[in-house]
2 protein chains.
Amino acid sequence: MLLSKTCIYGLRASVLLASKKQGGLEYTTIRELSDELEISFHFLTKVLQKLTKSELLESYKGPNGGVKLARDASSINFMDVVRSIDGDSLIHECALGLPGCGLLKPCPLHDQWSGLKMNIITMMQDITLKDMANNDSTGHLLKNPIQIISGK
Amino acid sequence: MLLSKTCIYGLRASVLLASKKQGGLEYTTIRELSDELEISFHFLTKVLQKLTKSELLESYKGPNGGVKLARDASSINFMDVVRSIDGDSLIHECALGLPGCGLLKPCPLHDQWSGLKMNIITMMQDITLKDMANNDSTGHLLKNPIQIISGK
DNA sequence: GTATATTAAGACTAAATACTCTTAAATATT
DNA sequence: AATATTTAAGAGTATTTAGTCTTAATATAC
């Protein structure tokens, strides 16, 4: 698995926020997010605390509180969330888990893997929360995708 | 982490075998492999049992026994070992861990990720144990790399 | 056949990750 | 001030992955 489950939960919640009114710039309760994403409320709370600490989200306690994106969904990318939760092991890690593998002392897979890894990182940096929110036509991330031709 | 530690151990042992005389086609004891790779003997034994069951290795009990490659190192690729140990979750898994993600119901990352994933898989299929054994000039995988200008 | 060398298999333990529950702190409403 | 709503934080539990240990099975050599 490339990303931890914790990280995936953080991503899903961030994209869900981005899909909300005002592009996620107003408070939504974690309860609402956890209900929609079908993730345990308490666990999601912990995950989102990491995003709050790394200032991707802002939180507010009490009635009408919740979490919101700290800045526009188009300026937060996939990689920001990944680094906040999984750290940058993805960036530095050798495919064979060999300590000390690098340009100076490449493992047998280093050259091939660093190229592929760079492509993954570039992709993660290029795609923003807004992109993902707009690209969830199949409702994978958002159980109740944005209604274009709204019903009731 | 893309590959489990178990999988990485299996890869390292396979490459080490491939680097041995006769290209790994004669028996080497697991004890020798575990000593050279500095992996616990018992744990490596378990890992290699998987490779033996999937017929990438052959084992033989008793004195002069051990494990050897079941076929030439140039005909076993990286992917063979990965699939034997980690299964093909790598091939099928959605980057966001979403069940049901696929061509028919792509998640917001599906298109980008499936392209990158294909590159990873292609790389793993293209590189053989022989390639890796030949390409370990820095001795990352093999603690005592093959001596070209042999000492003592 | 007895001792020795080796892999196979299963039970067990440890560590990492995922998840739950309880309590505290902050804010709003009345 | 009292109560309700919400996130924060910490302790605790469960599950998965990694690793260890013991015993069994198989083969060789004497």
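We name chains A, B, ... by the order of the sequence lines, and we start the count at 1 in each one.
Summarising the geometry, the separation between OH on B:Y27 and C1' on C:dT6 is reported as 12 Å, rounded to the nearest angstrom. To the nearest angstrom, P of C:dC19 lies 16 Å from CD1 of A:I30. Rounded to a whole Å, the CG atom of B:L17 is 11 Å from the P atom of C:dT7.
In this structure, B:Y60 and B:Y27 have tilted ring planes: the angle between them lies in the 30° to 60° band.
For the residue pair A:T128 / A:D131, a side-chain donor-acceptor distance below 3.5 Å is found, with atom types taken as modelled.
Heavy atoms of other residues, nucleotides or ligands lying less than 6.0 angstrom from NZ of B:K130 number 12 at most. More than 12 non-hydrogen atoms from other residues, nucleotides or ligands lie less than 6.0 angstrom from CZ of A:R71. A 6.0 Å sphere centred on CD of A:E26 holds more than 12 heavy atoms belonging to other residues, nucleotides or ligands.
When each of B:L51, B:I85, B:L48 is checked for a side-chain contact (heavy atoms from CB on, under 4.5 Å) with B:L56, only B:L51 meets the rule. For the side-chain contact (heavy atoms from CB on, under 4.5 Å) with A:E36, the qualifying choice from A:R31, A:R12, A:K20 is A:K20, the only one to do so.
Against DNA chain C, the stretch residues 50-71 of chain A makes heavy-atom approaches under 4.0 Å through A:Y60, A:K61, A:G62, A:P63, A:N64.
Judged by distance alone, with hydrogens and angles left aside, the side-chain atoms of A:K117 form a donor-acceptor pair with the main-chain N or O of A:E93 at under 3.5 Å.
The shortest heavy-atom contact between B:G23 and B:L69 is O-CD1, 3.4 Å.
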Letter by letter from the 5' end, nucleotides 13-18 of chain C scores (B base, S sugar-phosphate only, - none; protein heavy atoms under 4.0 Å) -----S
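Taking a heavy-atom distance under 4.0 Å as the criterion, the stretch of DNA chain D touched by chain B extends 5' to 3' from D:dA18 to D:dA29.
Heavy-atom distances to DNA chain D give each of B:K46 and A:K46 a nearest nucleotide, and the one nearer the 5′ end belongs to A:K46.
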Quiz item: Given the rule in the side-chain contact (heavy atoms from CB on, under 4.5 Å) test, do B:L17 and B:L57 qualify, once you have shown the distances and angles that lead to the verdict?
Solution: CA-CA 10 Å; B:L17 266 177; B:L57 301 186; 3.8 Å; yes
